[in-house]
Amino acid sequence: MAAMAELISNSVQEMATNGQEPPVKYFSKGNDGGVLDAPVPLIEIPVVDLGLLTSPSTSAQELEKLKLALSSWGCFQVINHGMTSSFLDKIREVSKQFFAFPMEEKQKYSREADSIEGYGNDMILSDHQTVDWTDRLYLTISPEDQRKIKFWPENPKDFRETLHEYTVKLQETNDFLLRAMARSLNLEESCFLDQYGEHPLVTARFNFYPPCPRPDQILGVKPHADASAVTFLLQDKEVEGLQFLKDNEWFRVPIIPHALLVNVGDQVEIMSNGIFKSPVHRVVTNTERERNTLAVFCIPESDNEIKPADQLISETRPSLYRKVKDYVSIYFQHYQQGKRPIEAVKI
């Protein structure tokens with residue numbers, strides 16, 4: 001399949017700037033998320049306060065809130081995460097500046113045809129694939145010896161330093177949350193963290209969604225759940241776009257500028273034996289405003305065996321998933337075929 005991979009010649013940004021009619025491969029097919037211009041209700045996603053989670057007097061109540069959020073929605077907004085609003089704005093700013101550069105500057109970091117790392121858009125793996133209305137900069141963060149610095153922009157000048165600082169803080173938050181998730185299920189605190197491993201893969205994806213002439217038929221990102229253990233999203237401060245699927249209905253995600261949106265991925269759904277839900281989500285487009293976001297994916301070490309925690313398996317609740325290694329490779333095989341990858345590891 002990789003041999004079929006090809007690059008899209010035009011960036012979505014160029015098409016939007018030139019007023020070009022989007023090619024047919026961008027138009028959603030019936031199974032890509034239903035009617036796109038139907039009204040979508042706003043959800044009040046639970047807000048979890050890390051300060052309250054660490055305080056002995058309030059942690060039990062906040063753990064219960066975390067457990068409820070992940071077992072019902074699979075996501076929450078986190079506040080008191082140790083990063084100032086001005087620092088979050090700085091990250092948003094370096095992302096905006098990068099995508100605002102002339103095409104020649106951005107193309108210095110263009111991805112290669114058989115790799116997702118670098119600047120570009122969807123890898124085309126089949127003629128039937130629906131392509132997302134987005135340009136991306138995709139970077140490996142950790143392990144540090146796997147960073148491909150040639151793809152890390154030298155401009156803006158503080159891009160590399162800012163991204164490094166942000167992702168160091170996020171990895172600390174991720175470890176804290178994996179321990180809290182285990183505690184919320186009355187498990188040994190290190191239960192999920194042990195499966196996650198000491199050398200996880202952490203990747204960052206800067207997303208740029210330009211205005212789209214056909215938001216009724218074109219998605220920024222088609223429906224999917226994440227292959228990660230945990231995903232952190234820094235939302236655009238002003239422009240909505242992210243939607244979650246629950247009980248076959250789509251819901252809009254509100255913006256809390258100083259919060260990080262956290263969702264669990266398929267691998268935590270497996271570890272929790274299905275108690276925590278890896279949510280299906282999509283990104284819709286609009287005709288008027290660009291949108292910038294940054295997703296960071298925290299992915300267990302590929303050699304580690306991911307399986308439901310033993311204490312969560314009983315006669316009344318048998319194991320729902322097979323043991324799996326390198327789930328990401330299984331994920332991409334199924335995702336490009338339009339299938340839900342986690343179905344492949346269900347018993």
Side-chain angles (χ1 to χ4, degrees), residues 31 33-34 40-48 53 62-78 173-174 177-187 191-193 195-196 221-233 235 242-254 259-283 295-300 306-314 316-324 327-328 330-331 334-335 338-347:
N31 60 353
V40 173
L42 192 70
I43 44 166
E44 290 307 317
I45 288 180
V47 176
V48 172
L53 264 183
E62 209 64 9
L63 274 178
E64 193 55 39
K65 191 195 282 189
L66 176 74
K67 178 182 170 183
L68 190 62
L70 293 179
S71 54
S72 55
W73 286 100
C75 62
F76 57 93
Q77 307 252 27
V78 67
T173 305
N174 174 68
L177 285 173
L178 284 172
R179 286 194 289 269
M181 288 175 200
R183 291 207 319 273
S184 78
L185 297 174
N186 298 315
L187 300 172
C191 179
F192 295 157
L193 211 47
Q195 291 196 47
Y196 182 67
V221 180
K222 51 191 163 289
H224 68 287
D226 293 341
S228 59
V230 179
T231 302
F232 293 87
L233 183 74
Q235 293 211 78
L242 181 64
Q243 300 184 349
F244 280 97
L245 185 67
K246 183 170 164 52
D247 303 327
N248 291 318
E249 186 178 0
W250 289 103
F251 293 88
R252 287 160 38 224
V253 175
L260 297 169
L261 182 80
V262 180
N263 66 269
V264 294
D266 290 355
Q267 299 202 57
V268 159
E269 179 170 325
I270 294 167
M271 292 179 202
S272 70
N273 201 24
I275 295 172
F276 295 158
K277 307 289 187 282
S278 172
V280 172
H281 47 288
R282 68 181 184 183
V283 174
V296 173
F297 303 95
C298 297
I299 300 163
I306 304 300
K307 60 185 178 60
D310 293 339
Q311 303 92 312
L312 299 177
I313 299 168
S314 64
T316 54
R317 190 182 181 90
S319 180
L320 301 178
Y321 308 90
R322 291 185 288 107
K323 296 173 182 177
V324 63
Y327 178 75
V328 172
I330 297 170
Y331 178 90
H334 288 78
Y335 175 63
K339 297 175 185 170
R340 182 87 201 268
I342 201 168
E343 298 296 328
V345 297
K346 284 188 175 171
I347 293 173

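Worth saying up front: this structure is predicted, and the values here are computed from it rather than measured.
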Legend entry - Sequence-distant partners of Tyr321, ring-ring contact (aromatic ring centres under 6.0 Å, His included), two or more places apart: none
Legend entry - Separation between CD1 of Ile275 and CG of Leu312, rounded to the nearest 0.5 Å: 4.5 Å
Legend entry - Sequence-distant partners of Ser228, side chain to side chain donor-acceptor pair (under 3.5 Å), two or more places apart: Thr231
Legend entry - Non-hydrogen atoms of Pro279 and His281 that approach each other most closely: O-ND1, 2.9 Å
Legend entry - Pair Met181-Leu66, side-chain contact (heavy atoms from CB on, under 4.5 Å): steps then yes or no: CA-CA 7 Å; Met181 288 175 200; Leu66 176 74; 4.2 Å; yes
Legend entry - Closest heavy-atom pair and its distance - Tyr331, Asp226: CE1-C, 3.9 Å
Inset, instruction - Output all residues satisfying side chain to side chain contact (heavy atoms under 4.5 Å, CB included) with Ile313, sequence neighbours left out; order by chain, then residue number. - result: Asn273, Pro308, Ser319
Legend entry - Expected output: side-chain Lys246 to main-chain Trp73 donor-acceptor under 3.5 Å: no
Inset, instruction - Work out which heavy atom in Pro41 is nearest to a heavy atom in Glu249; give both atom names and the distance. - result: CG-OE2, 3.5 Å
Legend entry - Closest heavy-atom pair and its distance - Ala309, Cys191: CB-SG, 3.6 Å
Legend entry - Shortest non-hydrogen contact from Asn248 toward Leu245: C-CD1, 3.7 Å
Legend entry - By side chain to side chain donor-acceptor pair (under 3.5 Å) - contacts of Ser278 (at least two apart): Asp266
Legend entry - Rounded distance (nearest 0.5 Å) linking atom CD1 of Ile45 with atom CG of Leu242: 7.0 Å
Legend entry - Counterpart residues, salt bridge (Lys or Arg N to Asp or Glu O under 4.0 Å), relative to Lys277 (two or more places apart): none
Inset, instruction - Could you tell me which residues satisfy side chain to side chain contact (heavy atoms under 4.5 Å, CB included) with Gln195, sequence neighbours excluded, listed by chain and number? - result: Met271, Ile306, Lys307
Inset, instruction - Name all residues meeting the side chain to side chain contact (heavy atoms under 4.5 Å, CB included) criterion together with Val40; count only those two or more places apart in sequence or in a different chain, and write none if there are none. - result: Gln243, Trp250, Arg252, Arg282
Legend entry - Atom of Ser184, atom of Leu63 and distance for their closest heavy-atom approach: CB-O, 3.7 Å
Legend entry - All salt bridge (Lys or Arg N to Asp or Glu O under 4.0 Å) counterparts of Arg322, not counting sequence neighbours: none
Legend entry - Cys298 side, atom SG; Asn174 side, atom CG - distance, nearest 0.5 Å: 4.0 Å
Legend entry - Straight-line distance of Leu70 CG to Ser272 OG, nearest 0.5 Å: 8.5 Å
Legend entry - For Pro318, side chain to side chain contact (heavy atoms under 4.5 Å, CB included) partners two or more places apart: none
Inset, instruction - Might you work through the side-chain contact (heavy atoms from CB on, under 4.5 Å) test for Val268 and Leu178, ending with a clear yes or no? - result: CA-CA 9 Å; Val268 159; Leu178 284 172; 4.0 Å; yes
Legend entry - Qualifying residues under salt bridge (Lys or Arg N to Asp or Glu O under 4.0 Å), relative to Lys346, sequence neighbours excluded: Glu343
Legend entry - Beyond-backbone contact of Val328 with Phe297, side-chain heavy atoms, under 4.5 angstrom: no
Inset, instruction - Any chance you could measure Ile43, atom CD1, to Ser72, atom OG, to the nearest 0.5 Å? - result: 9.5 Å
Inset, instruction - For Phe76, enumerate each residue passing the ring-ring contact (aromatic ring centres under 6.0 Å, His included) test, keeping only those at least two apart in sequence or located in another chain. - result: none
Inset, instruction - Would you please name every residue forming a salt bridge (Lys or Arg N to Asp or Glu O under 4.0 Å) with Arg179, sequence neighbours left out? - result: none
Inset, instruction - Kindly determine whether Gln77 and Val253 satisfy side-chain contact (heavy atoms from CB on, under 4.5 Å), including the steps that lead there. - result: CA-CA 10 Å; Gln77 307 252 27; Val253 175; 4.2 Å; yes
Inset, instruction - Taking the side chain as every heavy atom from C-beta outward, state whether Ile342 and Tyr327 have any atom pair closer than 4.5 Å. - result: yes
Legend entry - Side chain proximity check, Leu185 to Phe192, heavy atoms < 4.5 angstrom: yes
